[in-house]
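Hydrogens, waters and symmetry mates are skipped; everything else that's a heavy atom, side chains included, is used.
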Amino acid sequence: MDYTPPPDSLIPNDELGASIRRGLALVTHTTDSLPAYATGSLQCASCHIDAGRRRDAAGLLGVYSRFPKYMDRSGAVVPVEDRVNYCFTRSLAGNRIPNDSREMQDIVAYLAYISLGVPAGRHVMGEGMPKMPKLTGDSGRGSLIFATTCAVCHGQDGQGTPPAFPALWGPKSFSIGASMAREERAASFIQHFMPQNKPGSLTDQQAYDVAAYVDSHVRPDSPGKEDDWPSGGAPYDVPYNTKGHVAYRPPSAKLFPRPHPPTTLVPAPASIMKSPASMRAKGQK
Ligand code: HEC
Ligand code: HEC
């Protein structure tokens, strides 16, 4: 269905509205707001442009209505909180935030707001990222495109100038377990939204070439990644081995180790300490 989320001006002026506004701030200023969880240079909105409201830019429109959802990558039906934590641990190469923290509930309140009116289970136009024609990137050609078209914002060394310009590789960028580490997914994002000052100016082939170049660099590891797609069927461009799948162009150098495996919770945010479990349970149902 065609869907436009309600504007910020209609966020109610009550407690729920305050939570929605906090959630919007968290996805836009993730590294400032949640430094213990977003440990790199990326915000949620670095990929989910306009805080997920831009169509096709990993669009989060209507996302709340699509959960719980079966994810073949984890071989399980997951709630939206777990999906958010997937992006915390993989796309931000950061740490899991407790599902019952106020911060997680604020993010979910915001996701529910940009899904208002979408019936459960319905898909909307502009969610996710458009599929690309299947091409093969050439990282040599990609390096030339990068130098002339991308380095002005993301730096010759790909490290950007955070928080304005996020890193594309290195210890502060997305992990190897992120969708952006897949050549076709990165090519789709890049073809439609980069360079940010001239989106749509690259051909599909150029987008693949520069995606191949970006994804050829070393980045944070994603411990446990070999257990992804436990029933097989990984997409062709996943850059690491999984059941029945051989890595497509694994990075040439050793990945940056991660201090916390994806399931570990680093010390809970203060909001959890303040609200006893009993009160939370009462407040939720
Ligand atoms: C490096 C880029 C990147 C960053 C940073 C990122 N994400 Fe994602 N996220 C993605 C991609 C790519 C997808 C999958 C989109 C697709 O292919 O359909 C996704 C999917 C999601 C989904 C599920 C969407 C659906 O319809 O199933 C949610 C929810 C989500 N992200 C939330 C977040 C939140 C919250 C943050 C910050 C904590 C975040 N993401 C950070 C790239 C990113
Ligand atoms: C004018 C500055 C600018 C240029 C030029 C530019 N980008 Fe970006 N890029 C950004 C900004 C800013 C973001 C974060 C999203 C946003 O705020 O719109 C971003 C986000 C990204 C992301 C997702 C986040 C991350 O760090 O991985 C990728 C991938 C990316 N750019 C790749 C490229 C590539 C490849 C090129 C060259 C074809 C390019 N960009 C050119 C400014 C730029």
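A continuous path of ILVMFWY side-chain contacts below 4.5 Å connects M1 to I114, so both sit in one hydrophobic cluster. Residues L60 and I11 share a hydrophobic cluster, clusters being chains of Ile/Leu/Val/Met/Phe/Trp/Tyr side chains in contact below 4.5 Å. Under a hydrophobic clustering in which Ile, Leu, Val, Met, Phe, Trp and Tyr are joined whenever their side-chain heavy atoms come within less than 4.5 Å, directly or via other members, V152 and V210 fall into different clusters. The hydrophobic clustering, which links ILVMFWY residues whose side-chain heavy atoms are closer than 4.5 Å, places V84 and I20 together. Under the 4.5 Å side-chain heavy-atom criterion for grouping Ile, Leu, Val, Met, Phe, Trp and Tyr, L42 is connected to M129 within one hydrophobic cluster.
Between the side chain of S139 and the backbone N or O of A212 there is no donor-acceptor pair closer than 3.5 Å. Judged by distance alone, the side chain of D50 and the main-chain N or O of G52 form no donor-acceptor pair under 3.5 Å. A donor-acceptor pair under 3.5 Å links the side-chain atoms of S101 to the main chain of M104, judged by distance alone. Between the N95 side chain and the A36 main chain, a donor and an acceptor come within less than 3.5 Å of each other. A distance-only check finds a donor-acceptor pair linking the side chain of S173 to the backbone of A167 [under 3.5 Å]. A side-chain donor-acceptor contact under 3.5 Å links S271 to the backbone of R102. A distance-only check finds no donor-acceptor pair linking the side chain of S222 to the backbone of K225 [under 3.5 Å]. A distance-only check finds a donor-acceptor pair linking the side chain of R258 to the backbone of G94 [under 3.5 Å]. Formation of a donor-acceptor pair under 3.5 Å by the T149 side chain with backbone atoms of F146 is not found in this model. Distance alone, capped at 3.5 Å, is enough to place a donor-acceptor pair between the Y110 side chain and the A51 backbone.
A heavy-atom distance below 4.5 Å is not found between the side chains of P257 and D221. Using a 4.5 Å heavy-atom cutoff, the side chains of M71 and D82 are not in contact. Using a 4.5 Å cut-off on side-chain heavy atoms (C-beta onward), I145 and L202 make contact. Side-chain contact between E81 and V78 is absent, with no heavy-atom pair separated by less than 4.5 Å. In this structure the side chain of Q205 never reaches within 4.5 angstrom of the side chain of Q191, judged on heavy atoms. Side-chain contact between N13 and R21: present, with at least one pair of heavy atoms (C-beta onward) separated by less than 4.5 Å. Using a 4.5 Å cut-off on side-chain heavy atoms (C-beta onward), P166 and H154 make contact. Side-chain contact check for T4 versus M125: every heavy-atom pair is 4.5 Å or farther apart.
Between Y213 and W169, a ring centre-to-centre spacing shorter than 6.0 Å is recorded.
Geometric assessment of R219 against the ring of F174 yields a positive cation-pi assignment under the 6.0 Å and 45° thresholds. The cationic atom of K172 (NZ for Lys, CZ for Arg) does not lie both less than 6.0 Å from the six-membered ring centre of F256 and within 45° of the ring axis.
With rounding to the nearest 0.5 Å, the separation of CD1 in I107 from CG in N85 is 8.5 Å. Here the NZ-CD distance, from K243 to E226, works out to 14.5 Å after rounding to the nearest 0.5 Å. The CG atom of L168 sits 9.5 Å away from atom NE2 of H217, with the distance rounded to the nearest 0.5 Å. Rounded to the nearest 0.5 Å, atoms CG (L26) and CG (D106) are 6.0 Å apart. The distance from the OH atom of Y113 to the OG atom of S19 is 13.0 Å, given to the nearest 0.5 Å. Rounded to the nearest 0.5 Å, atoms CZ (R185) and CE (M180) are 9.5 Å apart.
Taking both residues in full, the closest heavy atoms of V118 and S65 are given as O-OG, 2.8 Å, listed atom of the first, atom of the second, then distance. For the pair C153 and T161, the tightest heavy-atom approach, listed with the atom from each and the gap, is O-OG1, 4.1 Å. Taking each heavy atom of Y3 and L61 in turn, the nearest pair found is CD2-CB, 4.1 Å. A pairwise comparison of heavy atoms in P195 and S201 identifies CD-OG, 3.7 Å as the closest pair. Contact record, F88 with T30: CE2-CG2, 4.1 Å, taken as the closest heavy-atom pair. For the residue pair H245 and P235, the shortest heavy atom distance occurs at CE1-O, 3.3 Å.
Between the side chains of Y248 and E183, at least one donor N or O sits under 3.5 Å from an acceptor N or O. A donor atom on one side chain and an acceptor atom on the other are not found under 3.5 Å apart for D138 and Y208. Looking only at atom types and distance, the side chain of T31 has a donor-acceptor partner in the side chain of Q43 under 3.5 Å away.
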Report task. Decide yes or no on side chain to side chain contact (heavy atoms under 4.5 Å, CB included) for V246 and N241, but give the supporting numbers first. Result -> CA-CA 5 Å; V246 177; N241 294 334; 4.0 Å; yes

Query - Candidate pair F193 and D56, rule side chain to side chain contact (heavy atoms under 4.5 Å, CB included), full reasoning - result: CA-CA 9 Å; F193 300 101; D56 301 330; 4.1 Å; yes

Query raised in the report: Between D204 and K134, is a salt bridge (charged side-chain N to carboxylate O under 4.0 Å, His left out) present by the stated rule, with each step listed?
Result: CA-CA 9 Å; D204 290 350; K134 198 169 162 184; over 6 Å; no

**Report entry** Candidate pair R182 and R249, rule side chain to side chain contact (heavy atoms under 4.5 Å, CB included), full reasoning
**Finding:** CA-CA 10 Å; R182 289 171 42 197; R249 304 198 200 194; over 6 Å; no

Query raised in the report: Would V63 and E127 satisfy side chain to side chain contact (heavy atoms under 4.5 Å, CB included), going step by step from the backbone distance to the final call?
Result: CA-CA 8 Å; V63 65; E127 73 181 60; over 6 Å; no

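Residues passing the ring pair (Phe, Tyr, Trp, His ring centres under 6.0 Å) test with W229: none are found, sequence neighbours excluded.
Note on residues 33-42: no pairs pass side-chain hydrogen bond (donor to acceptor under 3.5 Å, both in side chains), not counting sequence neighbours.
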